[in-house]
Every structure is written in structure tokens, then in C-alpha cells.
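Residue numbers begin at 1 in each chain, while the letters A, B, ... track the order of the sequences. Below, each value reflects all heavy atoms present in this structure, side chains not excepted, and no hydrogens, waters or symmetry copies.
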Protein chains: 2
Amino acid sequence: MESTNTRPRRLAATKQALSVGDVARRCGVAVSTLHFYETKGLIHSWRNAGNQRRYTRDVLRRVAVIKIAQRTGVPLAEIQQALATLPDSRTPTAADWRRLSERWRAALDERITQLTLLRDQLDGCIGCGCLSLAQCPLRNPGDVLGGDGEGAQRLGSDHVSNGSTAL
Amino acid sequence: MESTNTRPRRLAATKQALSVGDVARRCGVAVSTLHFYETKGLIHSWRNAGNQRRYTRDVLRRVAVIKIAQRTGVPLAEIQQALATLPDSRTPTAADWRRLSERWRAALDERITQLTLLRDQLDGCIGCGCLSLAQCPLRNPGDVLGGDGEGAQRLGSDHVSNGSTAL
DNA sequence: GTAAGACCTCGAGTATGGTTGAGGTAAAGC
DNA sequence: GCTTTACCTCAACCATACTCGAGGTCTTAC
């Protein structure tokens, strides 16, 4: 793991600007992750005379939001798009951030609903002990297809292998 | 995409055994996916005289269970372990399947709880419009660290980038 | 001034969950 | 018998989200 130790250090040039290490330490992420986020357009920096990255404090909030959004299951590409709607010129306002969280809250709601539905169906099947081929809503939502005998069809074309729900 | 068309066809050799194509069609997955599952030990087959895979009907249930488990966010490795506890010798009983679904039901519960908690926190922050650096539970769960001014620390070391909860 | 530590770039590697394609064989339909 | 599907293997590739290492530069502490 990269340098993410915790002892306090002076800010880069004892000024407002944060170095990549500062940001990493304060956000609890690896330096390489910040590099990575930058390549993905999630955060931005400028360079000092020695070609080292410098950040405004703004980036702390951005990284925080990225991490929160990830917890809700939003993929980085979506987060990038959302963050891109933030103003570049001014420091984002509370209203700006609220807009983002409302958007993700909706996605989160949807995901919770889906999972709850799934749980309830699973419950039903635990109750009947079946996971029955012909009747189980988990296995045959539409209850069609299948010529000869039993047969489960069209399972989870909606499966969420990456845990994300499209926004 | 591989051959996953829907017109009915005779079963392999008009017998009980299913070909990989039969299984793919009836489960709504690609043939390559079945190959893949086999390399991961999730399903099993034997070969006919011409080196083609043959399956018992059992595999339909297995694939169904795999897809359901994936929807709950269980990674394939976990699913493999769970399926490995099924008897090889006899066809799994309702009790066998119930055991699996109970296990996953618990994981699902946990995930729903986590997401609901997150949503409620997000709600609070939408309410106050802040995503506040110092006070927000989303950003600073422990409310410690940070020497100079504001500062969000130790964010989501528990983040679920792949959407899965460890069982 | 010097040494340690932080930073730089770029390419490769990791893990998950598959898909695609090449080159060749088997089975089914007529 | 012949053609069309289906099937076989194996390697490579895709996307996501990072991490690691090599080789070299910059800053900071003393």
C-alpha cells in the first residue's frame, strides 16, 4: 500500500494548496487512486513548478462524494458525469451537492426496492422450500416458455453482476 | 452473441441428457457462460462419444440458483462454495436448496440494511443541504482526525465497489 | 549540502464476470 | 452424401476499479 500514514504534516508549501499526499491522507485513499480518479476526470489539479499536483480543498469534498456515491452502487462513470455538472468556476454550493445526492438517492431507492422484492420472493421460496421450476417467481417471472416438461427460462437478463443500478 | 434463439428443438439424442445449447436456451444464458461456469466449478457435465457436453436436468436448477444468487449480490466464488455443499450423488432435495437460500437471504438482509442506513444518512444530508465536512455522518462517521480546519477522513474503507457483501 | 521521503510517468498486473474469434470436429436435416 | 448447425478448445479481449513496480525527479528536514 502507498503512503497513507496518519501523522500530521504541513500542507504543501504551507499554503492553501494540497499535495496529492495531503489529499490521500485526509480522504483515506491511496495516492494511486487519486491519480486514477484524475485520469477518469473525477477530480482536477494543477501543477507546481516541479510538476507536482496541487489541489484546492474542494477536492476533499469531491472525493468524499465519490466514495459515498460508490457506496450507493453508482459506477465511477456515472459519478464522473454527475460531478461534471458542478460549476468549474465557483466552489459548488450546498444546492449543487444536494442535486447530486437527490439523484443518487433515487437510484439507491430503486436498488433497495429491487433487493427487497428479491428478498420477499426468496422468502416465499424458503417458505415453500421449493425454488420450484414451474411456479417460483424467482425462476420464471413471466411463467411462459419451455416445451417439454419443466424448465426455467429468461432468468435475470436484468442481473446486476456489478451491483449497480443504471441511473 | 452466441446461439440463444428460441425455436424449440429436440433434446440431445432425444434422451434425458441436455446439450449445452439446450441448457443455454432454457436458462437464457450464453453457451460461453456455461463453459465459463464449468471452469469455475459451478456446474458439471459429462461428455458423449463425440466429446460434446451433456447435462442432467439438474443443471437447469443450478443455473437458476446461480442467477438468483447473483441478483442478491453474491459473487460466483461464494456461489461455487455453496453449490459445492450440494450432494453430487443424489438430486438435491428441497431442504438442500432451502439451506442455500437461507444463507443468501441473510446476506441480502444485511445488504438491504446497509443500503437503507446509507439512504437515511443521505436523506439527512439532503435535508440539511450540507454534506457538511465536520458533522455529516456520511463523511466523517467517527468524527475524529483532521488537524487544520475541516477535513474528511477514513471514508468508506468499507466501500462495496463490486456490490457484494461478504457472507 | 545532502539524504530521506514524496512525487512523477507509464506500463503491467489483479480480480470479477464474462464475450469473441480462430481453427477444427460432430451431429442433424434433407 | 452433403450442407448447415452446433459444438469443441484455447487464447485474447472487454469493462470496472484499482494497485504495483521501475526508473527517475523534487522537496523537505537537518
Looking just at side-chain N and O atoms, do A/R99 and A/T85 make a donor-acceptor pair shorter than 3.5 Å?
yes
In this structure, how many angstroms lie between the P atom of C/dG17 and the CG atom of B/L42, rounded?
9 Å
Rounding to an integer number of Å, can you tell me how far A/I66 CD1 sits from D/dA17 P?
11 Å
Tell me which of A/N51 and B/A77 sits closer to the 5' end of DNA chain C, going by the nucleotide each one is nearest to.
A/N51
Where the side chain of A/H35 is defined as all heavy atoms beyond and including C-beta, which of C/dG17, D/dC7, C/dT9 is the nearest nucleotide?
C/dT9
Taking only side-chain N and O atoms of A/R53, does any of them lie within less than 4.0 angstrom of OP1 or OP2 on C/dC8?
yes
Provide, to the nearest angstrom, the distance between the CZ atom belonging to A/F36 and the C1' atom belonging to D/dC18.
6 Å
Atom CD of A/E38 to atom P of D/dA17: distance rounded to whole Å?
18 Å
Among C/dC7, C/dG17, C/dT19, which nucleotide sits nearest the side chain of A/Q52?
C/dC7
Think A/S19 has a side-chain N or O under 4.0 angstrom from the OP1 or OP2 of C/dA6?
no
Do B/R111 side-chain atoms and B/T72 backbone N/O form a donor-acceptor pair below 3.5 Å?
yes
Of the nucleotides D/dT19, D/dC8, C/dT9, which one has an atom closest to the side chain of B/R47?
D/dC8
Tell me the interatomic distance from B/D22, atom CG, to D/dT5, atom C1', rounded to whole angstroms.
13 Å
Expressed as a whole number of angstroms, how long is the span from B/Q80:CD to C/dG18:P?
14 Å
Does the B/D22 side chain pair with the main chain of B/S19, one donor and one acceptor, at a distance under 3.5 Å?
yes
Can you check the B/L76 CG to D/dT16 P distance for me, whole Å?
19 Å
Please confirm whether the shortest side-chain N or O distance from A/Y37 to OP1 or OP2 of D/dA17 is below 4.0 Å.
no
Closest to the 5' end of DNA chain C, once B/K40 and B/A49 are matched to their nearest nucleotides, is B/K40
Do the side-chain N or O atoms of A/N48 get closer than 4.0 angstrom to the phosphate oxygens (OP1, OP2) of D/dT27?
yes
Give a yes/no on whether any side-chain N or O of B/S32 is located under 4.0 angstrom from OP1 or OP2 of C/dT20.
no
Between D/dA17 and A/K67, is there an OP1 or OP2 to side-chain N/O distance shorter than 4.0 Å?
no
Between C/dT19 and B/T33, is there an OP1 or OP2 to side-chain N/O distance shorter than 4.0 Å?
yes
Say whether, by atom type as modelled, one donor and one acceptor occur between the side chain of A/T33 and the main chain of A/V29 under 3.5 angstrom.
no
Salt bridge or not for B/R90 and B/D96, using N-O below 4.0 Å?
yes
Is any side-chain N or O of A/Q70 closer than 4.0 Å to OP1 or OP2 of D/dC18?
yes
